[in-house]
Amino acid sequence: MVLASVPLIVEYEAVLTRPEHLDASGLTSRQMNQVLDALVKVADPVHLWFLWRPRLKDPADEMVLETAVNGGADWLVTFNVRHLADAARRFGIRVMRPGDAWIEVRKHEKK
């Protein structure tokens, strides 16, 4: 399951449509927005009822934690493990990098 909140998707759009990220992806801004639209269509929407700020050193990371907590996430998959892991653990959420999450998913598929 993929969780998404409005603030999180707005942040994804702001970051992923930066010129350096578009160059790295090989996509145009329009194409990147189509990818984000597809993500929104498959994501479970999360409404943010509680705000626990500040929990993290970087205020921009707070919406990631809030989406995970409000969405009842078991896992928070991110490259930013160092900044999110301790705070997420306080809410019983396991934080892992995308590659590690993929290994976990594959293990569960084999069962």
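If you're wondering where the values come from, they're calculated on a predicted model, not measured in any experiment.
The cluster map of Ile, Leu, Val, Met, Phe, Trp and Tyr, joined by side-chain heavy atoms under 4.5 Å apart, puts Val10 and Val2 in different clusters. Note on Leu8: it clusters hydrophobically with Trp49, by side-chain heavy-atom contacts below 4.5 Å among ILVMFWY residues.
Pairing each heavy atom of Ala85 with each of Val95, the nearest pair is CA-CG2, 3.7 Å. Closest of all the heavy-atom pairs between Thr17 and Ser29 is CG2-OG, 3.9 Å. The nearest pair of heavy atoms linking Glu62 to Arg55 is OE2-N, 2.8 Å. Considering all non-hydrogen atoms of both residues, Ala73 and Ile93 come closest at O-CG1, 3.3 Å. The two residues Met63 and Thr67 have their closest heavy-atom pair at O-OG1, 2.8 Å. Shortest non-hydrogen contact noted between His108 and Glu104 is CD2-O, 2.8 Å.
At distances below 3.5 Å, at least one donor-acceptor pair connects side-chain atoms of Thr28 with backbone N or O atoms of Gln31. Looking only at distances, a side-chain donor or acceptor of Asn70 sits under 3.5 Å from a matching main-chain atom of Glu66. A donor-acceptor contact shorter than 3.5 Å is absent between the side chain of His83 and the backbone of Leu56.
The side-chain heavy atoms of Val40 and Ile9, taken from C-beta on, include a pair separated by under 4.5 Å. Residues Leu22 and Met32 meet the side-chain proximity criterion, which asks for heavy atoms closer than 4.5 Å. Proximity of Asn33 to Glu13: side-chain heavy atoms (C-beta onward) are separated by under 4.5 Å at one or more points. Put simply, the side chain of Trp75 reaches to within 4.5 Å of the side chain of Val105, judged on heavy atoms. Using a 4.5 Å heavy-atom cutoff, the side chains of Leu3 and Met1 are in contact. Leu39 has its side chain within reach of Tyr12: a pair of non-hydrogen atoms, C-beta onward, lies under 4.5 Å apart.
The line from CG of Leu27 to NE2 of His21 is 12.5 Å long, rounded to the nearest 0.5 Å.
Here Arg89 pairs with Asp86 in a salt bridge; the nearest charged N to carboxylate O distance falls below 4.0 Å.
Each of Asp58, Thr78, Asn80, Leu76 was checked for a side-chain contact (heavy atoms from CB on, under 4.5 Å) with Val64, and the lone residue meeting it is Leu76.
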